[in-house]
Amino acid sequence: MNNNKIFEKVKMKIAISQVVKKEDIVMNKSKLNIGKGIGIAACIALSMTGVVFATTQIINKFGANSSDGIQTAINNDYYSDVNTEYRESNGISTSIESFLIDDNNFDMNINIKFDSSYSLQDMLSNDGKIDIMDLKVVNEKDEKVFATRELESEEKTSLYQTEQEARENYDSYKGAYSETSQKVNDNEIKFYLTATGNPVKFPISQKLKVTFNKIRNRYWENGEEKYIIYKGEWIYEIDVPSKMAKSNIVQYKLVSISDENYKFDDANVSNTAFKIYLSNCNEISFNEKECVETSDGRKFYPARRSDGDEEISVKEDGSVRYYNTFNLTNYDATDNLKVYLFKANGDEIIVELEKVK
């Protein structure tokens, strides 16, 4: 490899993985190494997607970060309990309990049990948290449903010589996501994944293959975040129920918009969310009063679970694009909808929509 290739490889490793110093992996429980660094890419992903917006429902199968729209789907039995057999590796046993997938959302919970050689109490002390570092989900056509940022950084670095080559050839998971966990008992936690905000719809799938090899324990010591990584091998294949193995998107068309300068691009509702896209909407601003209203007067507000759920962006030509996700689902949507949006000065914009039949 010539000097230019070496230089490009080094640049790529910095730009893609951005991992500080080293990553300590536990191959044997008797030799635990504590790393002092954490991948910057991981920090970015968690800071973007880890904000908790708790729902008000009593039962929430997929953790506090799942939206009210997800809860509505659950209340209507739009989820699957799979309860796979526990698979053990290096003293850690895991099992997939439940999942949900449609065009707009993918949620999953995983049980993680530690044998007596581990102390879950110690792992969770000092503001300790446990997550799955390299979770990957693909379907029967090998289409990517989900992958963590850390895993994708490793794959890009190993597959491509330069950052440009990786950008041109690697198919990344483009959505936002959050990972949370909850202690079940003295040796078990429940891990929750909430994946959302994907500009590309989740692929229609008949089967899902779920793999991961690194379970991470992050904690704080002397004001510094540290981590231990437990390495093993956990692989599952699960069937997708027929109700989830097809698109449930319903399109809406524009009836009217109170500011004729604004351009309507798209609006649709699924079993878990309502999404609307506008462009040329200068001066638009997020507002606590924005909502979508059904014809029977019920109002549904933005999900706001992560950065991927809403966006106001400025194009190169200076025009403004607006996108937002609301908690309205197919279970409550009516043939006619009104979306109430606002400008920065407080002026109201009303978008009237009609279901496409």
**Any donor-acceptor N/O pair, N109 side chain to F191 backbone, under 3.5 Å** =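 No; zero donor-acceptor contacts below 3.5 Å.
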**Request:** Please state whether the rings of Y118 and Y230 are parallel, tilted or perpendicular, taking 30° and 60° as the class boundaries.
**Result:**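 Judged by the thresholds at 30° and 60°, the geometry between Y118 and Y230 is perpendicular.
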**Request:** Please work out whether the ring planes of F106 and F146 are parallel, tilted or perpendicular, with thresholds of 30° and 60°.
**Result:**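 Plane angle between 30° and 60°, so tilted.
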Salt bridge present between [X] and [Y] (N-O < 4.0 angstrom):
X    : Y    : answer
E154 : K214 : yes
E237 : K207 : no
R304 : E290 : yes
K226 : E221 : yes
E348 : K343 : no
R298 : D296 : yes
R167 : E163 : yes

**Request:** Work out which heavy atom in A273 is nearest to a heavy atom in T329; give both atom names and the distance.
**Result:**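 Heavy atoms of A273 and T329 come nearest at N-CG2, 4.0 Å.
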**Asked** Which heavy atom of T84 sits nearest a heavy atom of S95, and at what distance?
**Response**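 Answer, listing the atom of T84 first, then S95: O-OG, 2.5 Å.
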Classify the side-chain pair [X]/[Y] by whether it contains a donor and acceptor separated by less than 3.5 Å.
X    : Y    : answer
N169 : E165 : no
S98  : D81  : yes
Y78  : T272 : no
T294 : T334 : no
E293 : Y340 : yes
Y219 : E225 : no
S247 : D103 : yes
Y252 : E354 : no
D102 : S270 : yes

**Item:** More than 12 heavy atoms from other groups under 6.0 Å of NZ on K144
**Value:**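 Yes, NZ of K144 has more than 12 neighbouring heavy atoms, counting only those of other groups under 6.0 Å.
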**Request:** Evaluate whether atom NZ of K141 has more than 12 neighbouring non-hydrogen atoms of other residues, nucleotides or ligands under 6.0 angstrom away.
**Result:**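 Yes, the 6.0 Å shell around NZ holds more than 12 heavy atoms from other groups.
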**Asked** Which residues pass the ring-ring contact (aromatic ring centres under 6.0 Å, His included) test with Y277, sequence neighbours left out?
**Response**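 If we apply the ring-ring contact (aromatic ring centres under 6.0 Å, His included) test to Y277, skipping adjacent residues, the hits are Y323.
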**Item:** Any residue meeting ring-ring contact (aromatic ring centres under 6.0 Å, His included) with F212, in chain and number order, not counting sequence neighbours
**Value:**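 Counting only residues at least two positions away or on another chain, F212 forms a ring-ring contact (aromatic ring centres under 6.0 Å, His included) with W234.
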**Asked** Mind checking whether V250 and F274 sit in one hydrophobic cluster, side chains of I, L, V, M, F, W, Y counted as touching below 4.5 Å?
**Response**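 V250 and F274: one cluster.
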**Asked** salt bridge (Lys or Arg N to Asp or Glu O under 4.0 Å) with K129: which residues, sequence neighbours excluded?
**Response**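 Scan of K129 (salt bridge (Lys or Arg N to Asp or Glu O under 4.0 Å), adjacent residues dropped) gives D127.
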**Member of L151, V145, N213 meeting the side-chain contact (heavy atoms from CB on, under 4.5 Å) criterion with K136** =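 Checked L151, V145, N213 against K136; only one passes side-chain contact (heavy atoms from CB on, under 4.5 Å): L151.
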**Item:** Criterion side chain to side chain donor-acceptor pair (under 3.5 Å) against R305, the qualifying member of D68, N105, N327, T325
**Value:**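 When side chain to side chain donor-acceptor pair (under 3.5 Å) is applied between R305 and each of D68, N105, N327, T325, only N105 qualifies.
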